[in-house]
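Notes follow once the structure below has been shown.
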Amino acid sequence: MGTKGKMVVISGPSGAGKSTVCRRVLEDPEVEFSISATTRARRDGEVDGRDYYFLSADEFRQKVEAGAFIEHAHVHGNMYGTLRAPMDAALKAGRIYLLEIDVQGALQMKGIDIPGLYLFIAPPNFEELRKRLIGRNTETPEVLERRLQKAEDEYRERVRYDHVIVNDNLEDCIAEVRRLIGSGVEG
Ligand code: ADP
Ligand code: 5GP
């Protein structure tokens, strides 16, 4: 594994604002996004190879067997995994490599001592989390309830991260994440 770059893991409950924060942090050209593989269906507006690599369950399994993932997890009924090769290349090239992955995946990486900065994005409270998920309007009511139930377990794991950033005011949260990862982009 490369050692020149910096690996940053961002996780937290669904709806906390991870994708919104990551999109803004990625305005810095020094920061590169880890494009995960998933078996989840593509949402409107998502692009294969930009947001995710959308794979069938068989294709995903083949990659697991080939050792292509540094971590993978079953999240909300679908498989998600972080590809090893692009991460190694980005770190060797000295880049800030940003992973937006779920809590299980982050703790797997910590468990095998993958060095990096582990950030937990927390909602200000669970009522606000529900409002944000409803407002995003991307889940069926059943999936939304599943995500909210899981959020409580995930929230308990925040103590295992290097930093917990509460995403109440979005701009404050983004500024704090940029400061922690050492991104050159201000404001
Ligand atoms: P995640 O990636 O953690 O699932 P998203 O980034 O998709 O969460 O955010 C969930 C919803 O909440 C989106 O509709 C987003 O626009 C909104 N949102 C994100 N941050 C804030 C914030 N600080 N205040 C209000 N709404 C927010
Ligand atoms: P979504 O379906 O909303 O895009 O993502 C659902 C959850 O899966 C989010 O918590 C997201 O961070 C997580 N996730 C995305 N990619 C990966 C990955 O490669 N590995 C793991 N473990 N979780 C991921």
Side-chain angles (χ1 to χ4, degrees), residues 7-26 32-55 59-60 63-64 68-87 97-112 114 116 118-140 142-144 146-155 157-158 160-161 164-177:
M7 201 271 301
V8 178
V9 172
I10 294 207
S11 51
S14 184
K18 301 180 296 295
S19 303
T20 309
V21 170
C22 285
R23 257 196 307 276
R24 291 284 299 283
V25 168
L26 283 160
E32 185 174 333
F33 182 61
S34 164
I35 303 164
S36 295
T38 183
T39 60
R40 160 164 88 56
R42 197 175 57 77
R43 292 178 188 144
D44 279 353
E46 284 182 331
V47 176
D48 188 30
R50 183 193 71 184
D51 300 287
Y52 282 107
Y53 296 109
F54 294 98
L55 305 183
E59 288 167 333
F60 195 97
K63 288 210 181 289
V64 172
F69 295 120
I70 196 149
E71 64 75 34
H72 64 279
H74 194 250
V75 189
H76 314 303
N78 292 295
M79 295 303 298
Y80 294 81
T82 303
L83 293 158
R84 193 186 294 274
M87 172 160 152
Y97 199 62
L98 188 68
L99 274 63
E100 193 221 302
I101 64 174
D102 91 314
V103 171
Q104 302 169 68
L107 296 181
Q108 273 181 50
M109 294 193 52
K110 259 192 160 263
I112 52 171
I114 306 279
Y118 289 77
L119 305 181
F120 188 96
I121 305 289
N125 55 61
F126 286 96
E127 200 177 318
E128 173 65 17
L129 188 68
R130 176 182 288 274
K131 274 196 206 143
R132 286 184 191 173
L133 277 175
I134 291 171
R136 192 173 70 185
N137 200 23
T138 48
E139 265 68 44
T140 61
E142 188 201 343
V143 173
L144 191 142
R146 220 189 303 156
R147 288 186 178 223
L148 283 169
Q149 271 169 23
K150 193 152 170 259
E152 299 195 17
D153 295 334
E154 290 170 336
Y155 188 65
E157 302 288 2
R158 71 193 182 287
R160 300 177 63 185
Y161 285 72
V164 177
I165 305 111
V166 178
N167 178 19
D168 191 352
N169 177 284
L170 180 62
E171 295 306 319
D172 290 349
C173 177
I174 291 165
E176 180 66 358
V177 171

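Both ligands and their constituent atoms are indexed starting at 1 by order of listing.
- Residue His72 has no nitrogen or oxygen atom sitting less than 3.5 Å from a nitrogen or oxygen atom of ligand 2, judged on distance alone.
- Annotation: Arg43 places an N or O atom under 3.5 Å from an N or O atom of ligand 2; distance criterion only.
- Considering only non-hydrogen protein atoms, atom 11 (C) of ligand 2 sits nearest to Glu100 OE2, 3.8 Å.
- Only the side chain of Lys18 comes within 4.0 Å of ligand 2, judged by heavy-atom distances.
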Distance-only donor-acceptor pairs under 3.5 Å for side chains of residues 68-79, two or more places apart:
unit_1	atom_1	unit_2	atom_2	d
Glu71	OE2	Thr82	N	3.4
Glu71	OE2	Thr82	OG1	2.5

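- Contact annotation: for Gln104 versus ligand 2, there are no heavy atoms closer than 4.0 Å.
- Summary of contacts: the protein heavy atom closest to atom 16 (N) of ligand 2 is Ser36 OG, 3.1 Å.
- At a 3.5 angstrom cut-off on N or O pairs, Thr82 counts as close to ligand 2.
- Checked by distance only, ligand 2 and Arg136 stay at 3.5 Å or farther apart across all their nitrogen or oxygen atoms.
- Residues forming a ring pair (Phe, Tyr, Trp, His ring centres under 6.0 Å) with Phe33 (at least two apart in sequence, or on another chain): none.
- When the ring pair (Phe, Tyr, Trp, His ring centres under 6.0 Å) test is applied to Tyr53, no partner is found at least two apart in sequence or on another chain.
- The N/O atoms of Val75, backbone and side chain alike, include none that comes under 3.5 Å of an N/O atom in ligand 2.
- Counting heavy atoms under 4.0 Å from ligand 2, residue Glu139 does not touch it at all.
- Each of Pro13, Ser14, Gly15, Ala16, Gly17, Lys18, Ser19, Thr20, Arg132, Arg136, Asn167, Asp168, Leu170 has a non-hydrogen atom positioned under 4.0 Å from some atom of ligand 1.
- Not one N or O of His76 is nearer than 3.5 Å to an N or O of ligand 2, by distance alone.
- A cation-pi arrangement, defined by a distance under 6.0 Å to the six-membered ring centre and an angle within 45 degrees of its axis, is present between Arg158 and Tyr155.
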